[in-house]
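Quick notes on the structure that follows.
Keep in mind that the numbers below use all heavy atoms, side chains included, and drop hydrogens, waters and symmetry copies. All chains are named by letter (A, B, ...) in the order of the sequence lines, taking the proteins before the strands, and each is independently numbered beginning at 1.
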Amino acid sequence: MEILSTPPALIDEVCMASVSSETYEVAAVAAVRQPDAVGRRVRAQGWVRTRRDSKAGFSFLEINDGSCLANIQVIAETSLPNYESEIKKLGPGCSVAVCGEVVASSGQGQATEIKAQEVIVCGWADPEMYPLQKKRHTFEKLREWAHLRPRTNTFGAIARVRNCVCRSIHDFFQERGFLYVHPPIITASDCEGAGAMFKVTTFDLAKVPMQNGKPDFAQDFFHRPAFLTVSGQLEAEILACALGKVYTFGPTFRAENSNTSRHLSEFWMVEPEMAFFDLTDNMQVAEDFLKRIFGDVLSRCGDDMKLFNEHVDNTVVETLERIVASRFHRLTYTDAVDILQRSGRKFEFPVEWGVDLQSEHERFLTEEEFKSPVILYDYPKEIKAFYMRMNDDGKTVRAMDVLVPKVGEIIGGSQREERLDVLESRMREMNLDPAVYWWYLDLRRFGTVPHAGFGLGLERVLQFITGMGNIRDVIPFPRTPGSAEF
RNA sequence: UCCCCGAUAGCUCAGUCGGUAGAGCAAGCGGCUGUUAACCGCUGGGUCGUAGGUUCGAGUCCUACUCGGGGAGCCA
């Protein structure tokens, strides 16, 4: 366990003036809590969670610095010079730096504690005004305090799990020789038709230049309509068709007026794209990928996952453990429809070959029929995008969706159509103008290769991992219709 | 965007048949205690989401709007 760390510069400037001449190692709470930290002289810095006074001549302070779920208990004796003037007035939310020796704790619940030689108050938090109380708050209320909710146990845990997942994403692809690539965030074409897009413009909206009753985009910044990306897939294909295996990882924007617990207007998406991969290879990558993420979270975020399991959803740990050890069920769309029709279950929306599966159908498959993630593939061409590879039956395309219990679709992907003539006829069928996609078609015109890829919604994965019911609670600053505070 | 539900103290909620508001927690003060969601006592704290309407009288009934939640569609 590494105990030395770089102190935040700002805090140090604020506090160093009053620090005694003795030296202390700046240490994270996570490190100080380890039994082997006993005997070290440390400086712990963070926010007070609670204070308890003892008439035995000292107060207990619980300090959290976000390095782990748990706090470090500080023993602040009445003999400290600022005990009456400051320490007795500390409460939830105050920021402090504590210098002292790490000692074995004589109480229950922690191995170590800090016997304070100095307690420096950096910032006060008026208990009459500070919103966070020493009690449970609803997630809805905490959402109104997005600037303070990272200081709570649950949202601190979410931040750490989110970080762990992002690290796993990079590790997984980097170890397998993928290149991390960056598609544009501003895009000029509504390539995929994957929902409404946010417009990007420098026009003065009070006086937009008009031409024949329409905005004259020739005068706009990019000399044409521009949007925020809804997917980096088409650009990722360009890069894959030169570099082999690539992945993107960045923000994605959808202006869809979706008001659900599973949709955000701004979310993070991972999109691997692999040249010389077919749909079977693609499914294997998706499965290995999810298992790696879940496995890493279990091994690196044990305390945080324990919190989710105890206070949010008591099945999450068991579910992740089972998935890591199991094999995903793979079946065609056609087989899935067959299972649903023969289930005897009365669905609100009847199942029929050719229609898109509803939430209730996906949930039946993942939660009842298989009780595990399910990969569905070979979907009817009518309900999937133009770029997905046509099967020989002429009716289905090489699409795949990875479905998980509760959250539903967590990954959507396909093998891409690499045959120029087939792709062009598919575009015409769907009333898309091939001329607009000239560069996309060039990839098939010059040195085309079979390739495949998928998209994974980061927040959907986090929802699944943590059991959090609302996607707005697994991203620090959720953007949704009518909501962009903070 | 559609359907349903909700909005009362800092937070979570109760409030009967329409008659000017209550609890728990939090906070302040005091007590007790190597405590750890600490505990015990006292005190303060409200334009009942906003705007109209019905009524002698509205937290309560009606309408619209705003915000929040659940479900649906779209999807990741």
Write down the distance separating the [atom1] atoms in [N] and [M], rounded off to the nearest Å.
N: B:G15; M: B:C74; atom1: C1'; result: 42 Å
N: B:C61; M: B:A72; atom1: P; result: 29 Å
N: B:A37; M: B:C42; atom1: C1'; result: 23 Å
N: B:G19; M: B:C62; atom1: P; result: 15 Å
N: B:U16; M: B:A21; atom1: C1'; result: 14 Å
N: B:G6; M: B:A14; atom1: P; result: 10 Å
N: B:U36; M: B:A76; atom1: C1'; result: 42 Å
N: B:G18; M: B:G59; atom1: P; result: 13 Å

Interatomic distance where [atom1] belongs to [X] and [atom2] belongs to [N] [whole Å]:
X: A:E362; N: B:A72; atom1: CD; atom2: P; value: 10 Å
X: A:L142; N: B:G68; atom1: CG; atom2: P; value: 15 Å
X: A:E266; N: B:C75; atom1: CD; atom2: C1'; value: 17 Å
X: A:E140; N: B:C13; atom1: CD; atom2: C1'; value: 14 Å
X: A:I383; N: B:G73; atom1: CD1; atom2: C1'; value: 15 Å
X: A:E310; N: B:A37; atom1: CD; atom2: C1'; value: 13 Å
X: A:N257; N: B:C2; atom1: CG; atom2: C1'; value: 11 Å
X: A:Q133; N: B:C25; atom1: CD; atom2: P; value: 12 Å

I want to confirm an ordering. Mapping A:T480 and A:G412 to their closest nucleotides on RNA chain B, which one lands closer to the 5' end?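 Residue closer to the 5' terminus by nearest nucleotide: A:T480.
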Let me spell it out: for each of A:R363 and A:R52, pick the nucleotide of RNA chain B with the closest heavy atom. Which residue's pick is nearer the 5' end? A:R52
Looking only at side-chain atoms of [X], point me to the closest of [options].
X: A:Q110; options: B:C74, B:U35, B:C75; answer: B:U35
X: A:K134; options: B:G34, B:C74, B:A38; answer: B:A38
X: A:E409; options: B:A76, B:G34, B:U33; answer: B:A76

So [X], base contact, sugar-phosphate only, or nothing? Heavy-atom distance under 4.0 Å.
X: A:I75; result: base
X: A:Q73; result: base
X: A:Q108; result: base
X: A:Y130; result: nothing
X: A:I411; result: sugar-phosphate
X: A:S359; result: sugar-phosphate
X: A:R49; result: nothing
X: A:E62; result: base
X: A:H137; result: sugar-phosphate
X: A:K141; result: sugar-phosphate
X: A:K135; result: base
X: A:S261; result: sugar-phosphate

Hey, which of A:M468, A:E140, A:E459 is the one that makes side chain to side chain contact (heavy atoms under 4.5 Å, CB included) with A:D473? A:M468
Quick one: is [X] getting a side-chain N or O under 4.0 Å of the [N] phosphate, OP1 or OP2?
X: A:S106; N: B:G34; result: no
X: A:S54; N: B:G34; result: yes
X: A:N259; N: B:C74; result: no

Distance-only criterion, 3.5 Å: show the donor-acceptor pairs between side-chain atoms of residues 479-486 of chain A and protein atoms not counting sequence neighbours.
from, atom 1, to, atom 2, distance (Å)
A:R479, NH2, A:E485, O, 2.5
A:R479, NH2, A:F486, O, 3.1

Base-pairing mate for [N] - Watson-Crick or G-U, with both contacts under 3.5 Å:
N: B:A72; answer: B:U1
N: B:G46; answer: none
N: B:A7; answer: B:U66
N: B:C56; answer: B:G19

What do the steps show when you test A:F249 against A:Y247 for ring pair (Phe, Tyr, Trp, His ring centres under 6.0 Å), and what is the final call? CA-CA 7 Å; A:F249 185 16; A:Y247 71 105; 7.6 Å; no
Would you check if the side chain of A:N82 reaches a backbone N or O of A:V119 as a donor-acceptor pair within less than 3.5 Å? yes
Closest non-hydrogen contact found for A:P476 with A:R149 is O-NH2, 2.9 Å
Give the minimum heavy-atom separation between A:A28 and A:D65, together with the two atoms involved.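 The pair with the smallest heavy-atom distance is CA-OD2, 3.5 Å.
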Looking at A:Y379, I'd like to know if the NZ or CZ of A:K384 sits under 6.0 Å from its six-membered ring centre while staying within 45 degrees of the ring's axis. yes
Taking the six-membered ring of A:Y333 as reference, does the NZ or CZ atom of A:R330 fall below 6.0 Å from its centre and within a 45° cone about the axis? no
Would you confirm whether the ring centroid of A:Y180 sits within less than 6.0 angstrom of the ring centroid of A:H182?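 Centroid distance A:H182-A:Y180: below 6.0 Å, so yes.
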What about [X]: does its side chain form a donor-acceptor pair under 3.5 Å with the base of [N]?
X: A:N71; N: B:U36; value: no
X: A:E113; N: B:G34; value: yes
X: A:S258; N: B:C75; value: no

Is there ring stacking between A:F60 and B:G34, where the centres must be under 5.5 angstrom apart and the planes under 30 degrees?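 Stack criterion not met.
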